[in-house]
Amino acid sequence: ILPPGIIKLTLASALDFSYLCIRMGRRAARAAGEALLRMDSASVAIGRYLPAWAEPKDGKAASAGRADRTASEPTRLIMKKVLTFSLLLVLGLVASQLLPGLLGADYASFKMCSDTLLYVCLAFIMINVGREFEIEKGEWRSYVSDYFIAMATAAVPWIFITLYYMFVMLPSVYWGDAEAWKENLLLSRFAAPTSAGILFTMLAALHLKSSWMYRKIQVLAIFDDLDTILLMIPLQIAMIGLQWQMFVVVAIVTLLLVAGWRKLGHYDLRQDWKSILLYAVVVFALTQGLYALTALLFGESGGIHIEVLLPAFVLGMTMRHRHVDSAAEARASSFVSFLFMFLVGVSMPLFIGVQHAEALSGHHSVTGSQPMMSWGTIAVHVLIVSLLSNLGKLFPVFFYRDRKLSERLALSIGMFTRGEVGAGVIFIALGYNLGGPVLIVSVLTIVLNLILTGGFVLLVKRLALKAYGTQPS
């Protein structure tokens, strides 16, 4: 058990940081509410649906805005959901620093249970992401250019952040280290995916569902997530090394992709939340069962481990998509996402009160062996990494030249949203004992982007109104 002084320092630092994040979120939400309520009557007044503490303090602006409120209830719920994501991630981060000392010897059992729940939640989320993958197979050539644009939109922020982690956050002695490059290439992949679920619901609530921008961003966001999942395979191979098990993994991945494409939208399976949760449990059980069997036959180092990301996504692809919009379904899906974000925070290694993040696990990694920085320095890195990750998402602005600049800019800003898939990448990176300041910066960057989501949607709305007038075409 940690000394009382360390526990007090940990708790004080964690609570201060949590309070700071909540205050930042409230101020950002209040500013967004005031700006939205001052928009002209043709725009959607999202400000009405912000939490009570985000209501504008200016009574005149509020009363003027109430006359023009036309936003739907989903807008309010999504705004609360996004802010809850960030809060739960921070609370999980706080818990990750307290639980090892509080639970002592029982922490290993707790960690096993929380990781199991986390994998099941991740499979649940990825099945739903796969269900959104709807394209016309007969017109696949028309999607080629979109896929490469989506791939580049995912790759540019990933490359930016990898270079930043290597040349700014690591000492120069590691600049030519192959292990350091592999670790940072894997960890910085969190910036690549777009949160498709948050994005689609927000744009639909803003009455943009019939616009070119919505249809195009739907394709790009799904391809963006697909590219992230696929690229995780060679990154994991690089981390493990070229062993015979990797050839088996490549063969399984190839079979999954071929099956997913051939049976796209083919199976008319039940798609209520209970069924999807059952599918998620089965996917996790199969992947873990394969690992346990091969580890038993060939030893721990010979186990074949398939992450749940791709099998769950492919399973979702093969389902004939149904829109299940009941309140119970929405609550269940939100609960799984909330639990996932909290558990991602809980899974973070101990970094307060120890010199190195790897001290808890005892395993060596370049990122995990770096000493912790001050919170002020980490905050500066979070701001810069957030800026780089969003600048990289502006890549689509340089394409689709037949559309207005405001449309292309709205399309790109819509890709700023991050969420569960990026958090899933961080969780997978933890399995390779990555840690240290770069891990904390990665987690807090997701938190900051979630807090800023309302502002991103405000920008998209304004640009859409400029492009389409009062009604999207």
Side-chain angles (χ1 to χ4, degrees), residues 18 21 77-78 80-96 99 110-132 187 189-201 221 225 228-229 232 271-285 287-288 307-313 315-316 328-349 417-431 439-440 442-451 453:
S18 300
C21 286
L77 298 177
I78 291 299
K80 285 188 174 181
K81 183 176 181 179
V82 168
L83 292 174
T84 305
F85 274 171
S86 60
L87 178 60
L88 288 173
L89 196 54
V90 171
L91 290 177
L93 192 61
V94 173
S96 71
L99 289 175
F110 170 82
K111 186 78 167 70
M112 183 177 68
C113 293
S114 66
D115 284 354
T116 299
L117 275 176
L118 209 158
Y119 275 119
V120 172
C121 292
L122 181 58
F124 182 96
I125 291 166
M126 293 313 301
I127 289 172
N128 282 324
V129 172
R131 288 173 60 222
E132 296 288 343
L187 184 56
R189 193 66 183 167
F190 84 91
T194 298
S195 180
I198 293 174
L199 180 61
F200 297 160
T201 310
D225 286 347
T228 298
I229 295 167
M232 288 297 291
Q271 296 177 38
D272 57 282
W273 73 266
K274 295 177 183 177
S275 299
I276 293 177
L277 183 59
L278 175 62
Y279 305 150
V281 171
V282 171
V283 168
F284 171 71
T287 55
Q288 288 299 109
E307 298 291 352
V308 298
L309 284 173
L310 186 60
F313 182 85
L315 177 59
E329 293 293 327
R331 284 196 298 269
S333 180
S334 295
F335 175 78
V336 172
S337 296
F338 292 154
L339 179 61
F340 174 76
M341 297 302 281
F342 176 74
L343 290 175
V344 168
V346 169
S347 66
M348 296 296 110
T417 56
R418 307 300 205 283
E420 304 99 310
V421 181
V425 171
I426 290 177
F427 174 65
I428 290 171
L430 285 172
L439 177 66
I440 306 306
S442 300
V443 174
L444 297 183
T445 298
I446 290 183
V447 172
L448 181 58
N449 268 272
L450 287 168
I451 291 172
T453 297

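Computed over heavy atoms, backbone and side chain alike; hydrogens, waters and symmetry mates excluded. Positions are given from 1, in the same order as the sequence printed here.
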From [atom1] ([X]) to [atom2] ([Y]), nearest 0.5 Å:
| X | Y | atom1 | atom2 | result |
| --- | --- | --- | --- | --- |
| Leu339 | Phe124 | CG | CZ | 11.0 Å |
| Asn128 | Ser337 | CG | OG | 8.0 Å |
| Ile440 | Thr445 | CD1 | OG1 | 11.0 Å |
| Leu277 | Cys121 | CG | SG | 8.0 Å |
| Phe284 | Leu118 | CZ | CG | 10.0 Å |
| Gln271 | Tyr279 | CD | OH | 7.5 Å |

Taking only residues two or more places apart in sequence or in another chain, which ones pass side chain to side chain donor-acceptor pair (under 3.5 Å) with [X]?
| X | answer |
| --- | --- |
| Lys274 | none |
| Ser442 | Tyr165 |
| Ser275 | Asp272 |

Side chain to side chain donor-acceptor pair (under 3.5 Å) pairs touching residues 116-127, sequence neighbours excluded, are none
If you look at every heavy atom in [X] and [Y], which pair is closest and at what distance?
| X | Y | answer |
| --- | --- | --- |
| Pro311 | Val283 | CB-CG1, 4.0 Å |
| Ala123 | Ala312 | O-CB, 3.5 Å |
| Val308 | Leu122 | CG2-CD2, 3.9 Å |
| Ile276 | Arg131 | CD1-NH1, 3.6 Å |

Has the side chain of Ser333 got a donor or acceptor atom that lies under 3.5 Å from a matching backbone atom of Ala330? no
Worksheet item: Quick check: are there more than 12 heavy atoms from other residues, nucleotides or ligands sitting under 6.0 Å from CZ of Phe335?
Response: no
side-chain contact (heavy atoms from CB on, under 4.5 Å) filter on Leu117, not counting sequence neighbours, yields Leu343
Applying side-chain contact (heavy atoms from CB on, under 4.5 Å) to Ala285 and not counting sequence neighbours gives none
